[in-house]
There are 2 protein chains.
Amino acid sequence: MEKKEKVLNGVKEIARRAKVSIATVDRVLHNRAGVSEKTKAKILEIIKELDYKPNILARRLASSKTMHLYTLIPERSAETDYWDVPLQGIFQAENEIKLYNVKVSKFFFDMNDKQSFIEQTKRILKETDIDGLLLAPAFVEEAITFTEECKRRNIPFVFINSDIPQQKSLSYFGPNLFHSGQTAAHLIQYLTKEADKVLLLNIAKDIDSDHHILRKQEGFMHYFQENSPRTIVTENLYDTSYAAVKKALSKIVKADPDLHLIFVTNSRVALVARFLKEIGKKDILLIGYDFLPNNITYLNEGLIDFLICEKPQEQAYRGIKALYRFLMFEEDQEKEYFMPIDIIHRENQQFYKN
Amino acid sequence: MEKKEKVLNGVKEIARRAKVSIATVDRVLHNRAGVSEKTKAKILEIIKELDYKPNILARRLASSKTMHLYTLIPERSAETDYWDVPLQGIFQAENEIKLYNVKVSKFFFDMNDKQSFIEQTKRILKETDIDGLLLAPAFVEEAITFTEECKRRNIPFVFINSDIPQQKSLSYFGPNLFHSGQTAAHLIQYLTKEADKVLLLNIAKDIDSDHHILRKQEGFMHYFQENSPRTIVTENLYDTSYAAVKKALSKIVKADPDLHLIFVTNSRVALVARFLKEIGKKDILLIGYDFLPNNITYLNEGLIDFLICEKPQEQAYRGIKALYRFLMFEEDQEKEYFMPIDIIHRENQQFYKN
DNA sequence: CTGAAAGCGCTTACAG
DNA sequence: CTGAAAGCGCTTACAG
């Protein structure tokens with residue numbers, strides 16, 4: 001490596017030009033009180049003139065502060081281990097930045113228990129050192145209450161997985177759910193003829209207030225209104241146990257011998273794959289969501305044909321990094337970052353990065 | 001942010017325990033000469049004991065050296081602007097790390113002119129300050145000669161876009177070409193019936209030595225040998241002008257009125273889309289490669305049905321970052337990083353990140 | 001073979 | 001309202 005030529009740099013140069021000490025420069029840099037308007041204006045001018053950019057390394061090295069980030073996401077549940085993946089993303093980001101004195105405190109709630117969400121938000125709000133927050137706002141009303149308090153305290157927060165636009169988070173990292181449904185629909189249009197029957201299957205305890213499912217379904221239906229139509233049958237399964245799914249599907253498959261394709265609107269597609277495997281039916285195409293271990297197994301066995309996935313690990317990773325960059329560098333962050341909507345099948349699955 | 005408690009840290013603590021100065025500690029840390037075996041051993045032991053990790057920020061701040069990276073990739077050509085995208089990735093990485101005294105010097109060669117490649121490698125080798133190199137090894141023999149010289153000089157290099165495994169680069173970032181062909185084939189299996197005719201179309205000046213095309217084609221053919229077969233016709237078009245492509249396709253389409261699908265093995269798929277548009281034929285499915293502006297236009301018009309893409313921008317971005325991390329942190333790098341093989345259609349294209 | 005000292009570009013008490 | 005000085009954890013001449 002070659003030597004760097006030397007020039008008087010940074011705060012020193014500013015101080016020299018403004019004929020003040022570097023401490024005073026530092027004060028205006030951080031907008032701290034105790035500088036006369038006159039010197040402040042002068043220094044600000046020089047900063048602009050020089051297009052001064054602080055050296056982050058030096059700043060970090062000299063500072064003795066720890067940045068405290070908090071996260072609140074669902075814990076993995078009996079129904080799906082989906083939330084393991086975003087948690088990995090949090091760890092990944094944490095590993096990258098812990099050198100710079102960043103701590104991440106992780107809190108979890110139960111997807112099927114609104115009360116647990118409320119309790120966790122209360123636990124978090126007891127802390128006094130919250131510099132930033134990452135949140136999966138599964139319960140909308142409660143998430144609004146929570147983030148309102150954050151705003152009052154001037155704590156920046158980012159949403160992942162689903163958005164609440166009116167809360168004006170620092171950033172949102174997650175899918176565009178409507179287009180996710182459209183993406184599935186467009187693919188399915190290629191896989192079916194007009195006469196083919198398509199089953200849209202929602203499997204979740206609380207479908208009617210599940211924003212994810214509802215929006216995807218809207219996008220899906222919208223697509224087939226605008227494009228060559230298909231015969232679409234919708235079924236809602238509120239009991240997510242395999243026994244219940246099996247019972248319901250048996251009836252459906254029996255009643256509809258020429259069912260061509262089943263589209264499951266979330267990661268529970270593995271339950272359907274298991275059923276199809278058990279009855280030995282391989283001529284029904286099956287499409288679902290999320291790159292999870294048991295889904296991948298069924299994909300490789302040929303029971304699931306396509307998985308749609310929106311990089312849940314990267315969502316959380318980017319969320320943490322956005323908070324970090326905002327707090328550390330005062331960098332502006334992208335308001336909405338929609339994840340790519342990935343189409344995975346048996347032959348490209350081995351290279352997928354979640 | 002909360003204050004950090006203070007402990008004696010790093011080189012100072014090591015020096016204290018070893019009863020030497022920090023300069024000596026620094027010497028063994030960097031494996032520099034001039035330390036007695038005895039003190040060296042002692043210091044090494046303490047380093048291990050403490051599980052000492054150097055503070056990169058401090059190291060960077062104190063060092064007055066500039067890291068010099070070189071890149072050699074094709075320039076954009078009349079046939080495709082594909083190579084604009086990796087170049088963006090180089091700029092993206094450069095922007096992130098230029099704060100840390102990294103310079104990236106960019107060299108380009110003409111994809112259709114082997115001599116230009118040789119000339120550029122010679123220009124690069126005239127430099128004496130090469131810390132690392134990123135290379136798209138389009139001409140295999142010449143790339144071997146070049147990287148052999150790099151090895152002699154102890155310069156680490158990474159490959160992008162295509163690999164030469166026996167050269168043992170620091171890393172490779174690019175597609176697994178064989179599986180890329182298989183991915184296209186698997187998708188096409190869903191889009192066709194056994195009786196359908198599929199045209200595999202290679203459009204390039206030098207198909208017979210185009211590693212990319214050949215390996216993709218192998219993967220494609222292999223898939224249909226292992227799985228339910230299709231009638232596949234292969235055509236090689238060595239003249240990449242639109243006039244020539246048009247002429248050849250007119251003949252093919254006329255001779256084969258029930259042609260069902262055309263698969264173009266590289267980014268030249270836009271030429272075929274243009275042709276299909278001109279003759280007003282919308283019932284032939286069209287699949288090709290790469291997320292480039294004119295391809296996307298045809299995708300949105302419904303003339304191209306699917307694009308396969310392997311994140312060329314990210315390839316170059318990761319390549320530069322790998323060199324940087326290796327040189328800066330002495331981090332081990334992944335030998336082979338195969339990019340995901342992405343499937344893009346009209347409805348998910350707007351969220352794709354190249 | 002080894003060490004004392006200055007410096008990288010900042011932040012942080014402390015003193016006035 | 002302002003400045004001098006020490007320090008963050010390293011690297012780099014320089015002296016012996």
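A, B, ... follow the sequence lines: proteins, then strands. Residue 1 opens every chain.
Remark: A/Lys38 pairs with no residue by the salt bridge (Lys or Arg N to Asp or Glu O under 4.0 Å) rule, at least two apart or across chains. Listed by chain and residue number, A/Arg318 satisfy the salt bridge (Lys or Arg N to Asp or Glu O under 4.0 Å) test with A/Glu314 (two or more places apart in sequence, or in another chain).
Within the structure, the salt bridge (charged side-chain N to carboxylate O under 4.0 Å, His left out) test picks out the following pairs touching residues 67-76 of chain A (sequence neighbours left out): A/Arg76-A/Asp81, A/Arg76-A/Asp84.
Listed for the A/Ser171 side chain is a donor-acceptor partner under 3.5 Å among the backbone atoms of A/Glu334. Formation of a donor-acceptor pair under 3.5 Å by the A/Thr147 side chain with backbone atoms of A/Cys150 is not found in this model.
B/Tyr337 and B/Gln315 form no side-chain donor-acceptor contact under 3.5 Å, judged by distance and modelled atom types alone. For B/Tyr324 and B/Asp131, the side-chain atoms include no donor-acceptor pair closer than 3.5 Å.
Atom-to-atom, NZ of A/Lys65 to P of D/dC8 comes out at 16 Å; the value is rounded to the nearest Å. The distance between atom CE of B/Met328 and atom P of D/dC10, rounded to the nearest whole Å, is 15 Å. The separation between B/Arg59 atom CZ and D/dC8 atom P is 18 Å, rounded to whole Å. Atom NZ of B/Lys53 is separated from atom C1' of D/dC8 by 20 Å (rounded to the nearest Å). What separates CD of A/Glu13 from C1' of C/dC8 is a distance of 16 Å, to the nearest Å. In this structure, B/Leu29 atom CG and D/dC10 atom P are separated by 8 Å, rounded to whole Å. Between the NE2 atom of B/His30 and the P atom of D/dG9 there is a distance of 16 Å, rounded to whole Å.
Between B/Phe159 and B/Phe157, the distance from one ring center to the other falls under 6.0 angstrom.
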Nucleotide N/O to protein N/O under 3.5 Å, stretch nucleotides 3-6 of chain D:
{"from": "D/dG3", "atom 1": "OP2", "to": "A/Ser21", "atom 2": "N", "distance (Å)": "2.9"}
{"from": "D/dG3", "atom 1": "OP2", "to": "A/Ser21", "atom 2": "OG", "distance (Å)": "3.4"}
{"from": "D/dG3", "atom 1": "OP2", "to": "A/Thr24", "atom 2": "OG1", "distance (Å)": "3.0"}
{"from": "D/dG3", "atom 1": "N7", "to": "A/Arg27", "atom 2": "NH1", "distance (Å)": "3.4"}
{"from": "D/dG3", "atom 1": "O6", "to": "A/Arg27", "atom 2": "NH2", "distance (Å)": "2.4"}

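Remark: A/Lys12 is in phosphate contact with C/dC8, judged by side-chain N or O atoms under 4.0 Å from OP1 or OP2. For A/Ser63, a side-chain nitrogen or oxygen approaches OP1 or OP2 of C/dT12 to under 4.0 Å.
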Item to complete: Report the C-alpha distance between B/Tyr82 and B/Asn161 in whole Å, list the side-chain angles of each, state the deciding distance to 0.1 Å, and finish with yes or no for side chain to side chain donor-acceptor pair (under 3.5 Å).
Response: CA-CA 11 Å; B/Tyr82 176 87; B/Asn161 192 252; 3.2 Å; yes
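Across all their heavy atoms, A/Ala18 and A/Ile43 have their closest contact at CB-CG1, 3.9 Å.
Between B/Arg123 and B/Glu119, no side-chain nitrogen of the basic residue sits less than 4.0 Å from a carboxylate oxygen of the acidic one, so the salt-bridge criterion is not met.
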Worksheet entry | For DNA chain D, the dot-bracket pattern of Watson-Crick and G-U pairs whose distances stay under 3.5 Å, | for other-strand partners | |||.||||||||.|||
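For the segment residues 32-51 of chain B, no residue has any heavy atom less than 4.0 angstrom from an atom of DNA chain D.
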